[in-house]
Amino acid sequence: MAHPDELVASARRLLLQNYQQQPIVLERGEGVWLWDVTGRRYLDLTAGIAACPLGHSHPKLVTAIAEQAHRLIHVSNLFFIEPQIRLAERLAALAAPSMGPVRAFFCNSGGEANEAAIKLAKRFQTTTQGRADRIEVLSFEGSFHGRTIATVALTGQEKYRAGFGPLVEWARILPWPLHAEDGLDAITEHTAAVIVEPIQAEGGIRVPPAGFLKALRERCTTTGTVLIFDEVQTGIGRTGGWFGHQLEGIAPDIMSLAKGLAGGVPIGAILANERVATGFVPGSHASTFGGNPLACAAALCVLETIETESLLDHVEKMGAHLRAGLARLVTRFPDRALEVRGRGLLAGLALPGDAAPIVRRCREQSGVLLSVAGGSVVRFAPALLVSPRELDQGLIALEEALSLP
Ligand SMILES: Cc1ncc(COP(=O)(O)O)c(C=O)c1O
């Protein structure tokens, strides 16, 4: 087996240097635990950045993937795919309480799902509705919607946009959140769509003030603007409801999903209400791998396991436990920890400065893996089946990292 230093050196030589990677090579996982190639064990509280709700190598997911792989891995969307139809049915049932009847489109990632949502909204406005003037799409400062050109144009953080301009002229970024009524006036009868995260995740686990999303929904309804909720990070149980918006008592016209949906197998999806779904006709949009049998079988297993193991209730309880532990750190280190953010198992501890050194200390000293959100926030996004003991172990690691001079 190659030495980890050799592997890291090869990675630095062979891969485009677009990631800031931590210098460990992970090899194996089980539940919330990971092992690197040297045999060192880590407590993983990142879950592949919120992409592994069932943790690593969950036996049910392994079986579902293996069984599907034996039967059929991939066929194109030139033909009907049974697991895709069953997944659409399952997602529609979960979305129905808030969104009513929906239709699904499947792709491979969050960025692609948002790209599809934006295209659907634009085509619905310009073509189905015959409103060629409705081309502008709005988003918010601090948001993150992906790395494609359109989603970068709508990502409200300069560091992700720099060097890629000029970006699309129909994208505009609004202040976040829009407090007063006059702020919402930026959304007009000429706005095609607005895209928003129910909680800004990459932006630093920023929960919008109470009433903001509801006011946004009302303004979009009044102006005939398509409202897109980017639930790539908040969806699939992460915040304690099936989808983040369902805790707010409101619904989008289109919702995008990815990350946790297939437990680590690449997938993306949009769900659109029946009206807006008419924006796509045969040929409007497509994806070679989107909704293939393997990814859909994995997603069906994830949804079923979240349900049968009552993980939504568990997320509520674990989220409260985690936030209480983080709040104790704010009390203990008032100068080093500013506030607790988040909902369910998407939680963050905001620091006064760069969170990367603290995250590094947790890994080096305690073998606990965490990630940074928004530069200064330590993010916890563990598997949904994490136990209180495992969370406590993460909290102790963070406490030790904060204690050091
Ligand atoms: C809210 C949100 N939207 C979109 C994306 C992009 O997803 P992907 O990396 O799968 O393209 C992310 C990824 O972090 C995200 O958090």
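Quick caveat, the model's predicted, so the values are computed rather than measured. Numbers here simply count residues along the sequence, with the first being 1. Both counts, for ligands and for their atoms, begin at 1 and track the order of listing.
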Near [X] [atom1], under 6.0 Å, is it more than 12 heavy atoms from other residues, nucleotides or ligands?
X: Glu274; atom1: CD; value: yes
X: Gln17; atom1: CD; value: yes
X: Leu78; atom1: CG; value: yes

Could you point out which residue of Thr151, Thr155, Asp230 forms a side-chain hydrogen bond (donor to acceptor under 3.5 Å, both in side chains) with His145?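 Checked Thr151, Thr155, Asp230 against His145; only one passes side-chain hydrogen bond (donor to acceptor under 3.5 Å, both in side chains): Asp230.
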Which word best sums up how the rings of Phe105 and His285 line up, parallel for under 30°, tilted for 30 to 60°, or perpendicular for over 60°? tilted
Relative to the ring of His245, is the ring of Phe229 parallel (under 30°), tilted (30 to 60°) or perpendicular (over 60°)? tilted
Check this for me: does any side-chain nitrogen of one of Arg86 and Glu89 sit under 4.0 Å from a carboxylate oxygen of the other? no
Strictly below 4.0 Å, N to O, side chains only: are Glu248 and Arg343 in salt-bridge contact? yes
Contact check: Glu112 vs ligand 1, nitrogen or oxygen atoms, below 3.5 angstrom: no
Is it the case that ligand 1 has an N or O less than 3.5 angstrom from some N or O of Asp230? yes
Check each atom of ligand 1 against the heavy atoms of [X] and keep those under 4.0 Å away; list them by number with element.
X: Val232; result: 2 (C), 3 (N), 4 (C), 5 (C), 7 (O), 12 (C), 15 (C)
X: Glu202; result: 14 (O), 16 (O)
X: Ser109; result: 10 (O), 11 (O)
X: Lys259; result: 13 (C), 14 (O), 16 (O)
X: Glu197; result: 1 (C)
X: Gly111; result: 6 (C), 7 (O), 8 (P), 11 (O)

Considering residues at least two apart in sequence or located in another chain, which fulfil the side chain to side chain contact (heavy atoms under 4.5 Å, CB included) criterion with Val207? Ile199
Give me the nearest non-hydrogen protein atom to atom 16 (O) of ligand 1 as residue plus atom name, then the distance to 0.1 Å.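 Among all protein heavy atoms, the one nearest atom 16 (O) of ligand 1 is Gln233 NE2, 2.7 Å.
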Within-shell test, Glu231 vs ligand 1, heavy atom, strictly < 4.0 Å: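 Glu231 does not count as a contact of ligand 1 under the 4.0 Å cut-off.
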Work out whether the distance between some heavy atom of Asn114 and some atom of ligand 1 is less than 4.0 Å.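 Yes; Asn114 lies near enough to ligand 1 that a heavy-atom distance drops under 4.0 Å.
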Answer yes if a protein heavy atom lies under 4.0 Å from atom 14 (O) of ligand 1, otherwise answer no.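 Given the 4.0 Å limit, the answer for atom 14 (O) of ligand 1 is yes, a protein heavy atom qualifies.
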Among Gly146, Gly110, Ala381, Gly203, whose heavy atom sits nearest atom 8 (P) of ligand 1?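 Nearest option to atom 8 (P) of ligand 1, by heavy atoms: Gly110.
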